[in-house]
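As structure tokens, the structure follows; a few thoughts come after it.
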Amino acid sequence: MDFKALPVKKGDAFYLHRVVGEENNCKYKKENSVQILFDAGVCSNFVNTFKQNVKNNYVDVIVCSHSDSDHVFGVRKLMETGVKPCSELWVPAEWYLINKNLNPKLKGSYEDLISTLKERLNSDTEYQERLIQLDEHDLHFAFSVIENDITFFEKMDRYKFRKSIYILMQFKVITDIVDLAINLGVICRWFNYVDSNPSGGEPFLRPINCEEFLSTQISTIKLKDFYNLNRKNKEALVFKSCQSNKAMVIFSSDSNFNFSQALPSGFTKESILYTAPHHGSAKNANAYSRLNKITDQNSFCIRSHGSSKVGSCHVSALAQKYCTKCNTMKGITPKIVEAKFGVNMTWSLLTQTPICQCK
């Protein structure tokens with residue numbers, strides 16, 4: 001297994017290149033290996049960053065754990081090149097529900113909503129420029145939430161209104177990702193958060209807190225809490241990549257691990273590498289508590305730089321910790337962190353990365 005934390009400006013971008021066994025579907029096999037990109041955060045030129053550090057412009061699977069820009073911004077950049085960047089794209093199931101190009105049940109005109117927004121923003125110069133970028137497609141998300149209630153925005157206070165504009169812009173990013181992927185011939189697969197009994201995926205990448213849905217099944221998922229679509233860290237998708245019982249990588253995303261599903265067992269602690277939950281956020285203490293139970297000082301915790309305040313839960317985590325950029329390194333450009341699982345059945349660093357200095 002070869003693992004890389006890519007040096008994005010903010011957010012997660014993790015790459016894994018690993019051998020696959022005979023149990024894996026042959027469609028992924030290229031010299032008996034598979035390449036995975038798990039999330040892709042904010043970066044001035046993610047396409048170049050990806051090519052320079054991965055030495056490739058194509059992976060087998062790209063996973064988007066949830067809708068925050070610091071996890072999906074780079075994915076859209078890859079899709080916008082017009083060159084197919086992956087064989088499959090694994091995304092949250094609600095991305096299907098809120099895409100009117102895929103879900104024929106979503107109907108209606110958004111002209112009234114746009115008109116109401118323009119009236120409200122007529123004297124608000126701060127958002128006039130951003131409003132110009134909005135069209136009927138951008139407001140599709142708002143329509144699904146408020147059921148075409150044009151008085152919705154009139155009832156908002158300034159904070160909620162500002163947040164709604166942000167969500168609408170974020171909504172456009174995730175709908176663009178799916179639409180561009182489909183146009184490029186990428187197979188989209190949909191995963192819905194579950195508290196226990198995860199299912200789906202492939203032998204080389206299995207869900208821990210989600211189940212896979214066929215698009216024909218997705219209509220059974222309720223449109224719940226979409227107002228907080230860009231802040232659904234609680235339901236961020238968590239995956240594991242296990243190589244027999246010899247090595248394991250856990251992609252934690254922003255989850256706090258509040259799900260009931262037990263974490264994988266049967267691995268030696270020195271064989272486990274996990275990505276820091278929510279960039280080491282103090283709000284994710286429960287995730288660290290659970291991960292500490294299956295790891296020790298011989299395990300690896302890799303943290304990608306984020307805007308969240310690093311908590312004591314990260315600082316005191318049992319595993320060896322390495323960051324693309326520690327929170328104490330002001331003005332420093334993030335650096336790649338690369339680790340390899342070797343024949344000695346342990347993880348080792350391939351980059352000269354100092355031990356985490358976050359406080």
Side-chain angles (χ1 to χ4, degrees), residues 1-19 33 35-57 59 70-71 74 241 243 246-253 267-281 288 291-292 295-359:
M1 284 185 165
D2 291 305
F3 176 92
K4 296 180 181 180
L6 304 183
V8 295
K9 181 179 179 181
K10 184 176 71 171
D12 286 354
F14 300 118
Y15 167 84
L16 182 66
H17 186 194
R18 53 156 295 175
V19 171
S33 67
Q35 297 179 77
I36 302 162
L37 177 64
F38 197 95
D39 286 338
V42 177
C43 184
S44 59
N45 193 331
F46 183 79
V47 175
N48 283 348
T49 297
F50 181 78
K51 289 180 179 179
Q52 290 172 5
N53 291 284
V54 176
K55 312 302 180 186
N56 198 353
N57 59 357
V59 295
D70 61 343
H71 291 257
S241 183
Q243 192 161 306
K246 299 177 181 178
M248 176 172 63
V249 173
I250 296 178
F251 295 101
S252 304
S253 184
F267 294 84
T268 61
K269 294 182 177 181
E270 60 266 24
S271 72
I272 298 175
L273 180 152
Y274 68 88
T275 64
H278 202 181
H279 325 292
S281 171
Y288 279 98
L291 289 164
N292 280 339
T295 59
D296 64 11
Q297 67 275 11
N298 295 311
S299 310
F300 273 33
C301 169
I302 309 297
R303 176 183 167 273
S304 195
H305 179 63
S307 57
S308 301
K309 182 179 180 180
V310 174
S312 59
C313 52
H314 174 78
V315 176
S316 62
L318 298 178
Q320 298 179 44
K321 297 174 289 293
Y322 302 96
C323 305
T324 57
K325 178 184 176 181
C326 292
N327 68 345
T328 55
M329 299 178 178
K330 306 299 182 183
I332 302 298
T333 302
K335 304 292 183 183
I336 186 173
V337 178
E338 185 173 1
K340 182 180 181 65
F341 187 76
V343 293
N344 60 348
M345 302 300 165
T346 62
W347 287 95
S348 59
L349 283 181
L350 299 182
T351 48
Q352 293 182 340
T353 306
I355 199 77
C356 174
Q357 301 172 34
C358 290
K359 296 180 179 180

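Just so you know, these numbers use all the heavy atoms, side chains as well, and skip hydrogens, waters and symmetry mates. Given the structure is predicted, the values throughout are model-derived calculations rather than measurements.
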Audit row: Val310, Val315, side-chain contact (heavy atoms from CB on, under 4.5 Å) steps and yes/no: CA-CA 8 Å; Val310 174; Val315 176; 4.3 Å; yes

Side-chain donor or acceptor of Arg18 paired with backbone N/O of Ile36 under 3.5 Å: no

Thr324 side chain to Pro7 backbone, donor-acceptor under 3.5 Å: no

All pairs passing side-chain hydrogen bond (donor to acceptor under 3.5 Å, both in side chains) where residues 41-53 contributes a residue, at least two apart: none

Geometric class of the Tyr288/Tyr274 ring pair [parallel <30°, tilted 30-60°, perpendicular >60°]: perpendicular

Spacing of CD belonging to Gln320 relative to CG belonging to Leu349, to within rounding of 0.5 Å: 7.5 Å

Any donor-acceptor pair under 3.5 Å from Trp347 side chain to Ser271 backbone: yes

Atom of Gly74, atom of Phe46 and distance for their closest heavy-atom approach: O-CD2, 3.5 Å

Backbone N/O of Lys359 and side chain of Asn327: donor-acceptor pair under 3.5 Å: yes

Stepwise side-chain contact (heavy atoms from CB on, under 4.5 Å) test for Val54 and Leu6: CA-CA 9 Å; Val54 176; Leu6 304 183; 4.2 Å; yes

Closest non-hydrogen atom pair between Thr275 and Ser253, with its separation: OG1-N, 4.0 Å

Selection residues 331-342 - residue pairs positive for side-chain hydrogen bond (donor to acceptor under 3.5 Å, both in side chains), sequence neighbours left out: Asp2-Lys340

Partners passing ring-ring contact (aromatic ring centres under 6.0 Å, His included) against His71 (at least two apart in sequence or in another chain): His66, His279

Main-chain N/O of Asp296 paired with Ser299 side-chain donor or acceptor, under 3.5 Å: yes

Atom NZ of Lys269: over 12 foreign heavy atoms under 6.0 Å: yes

Aromatic ring pairing Phe14/Phe251, orientation class (parallel under 30°, perpendicular over 60°, tilted between): tilted

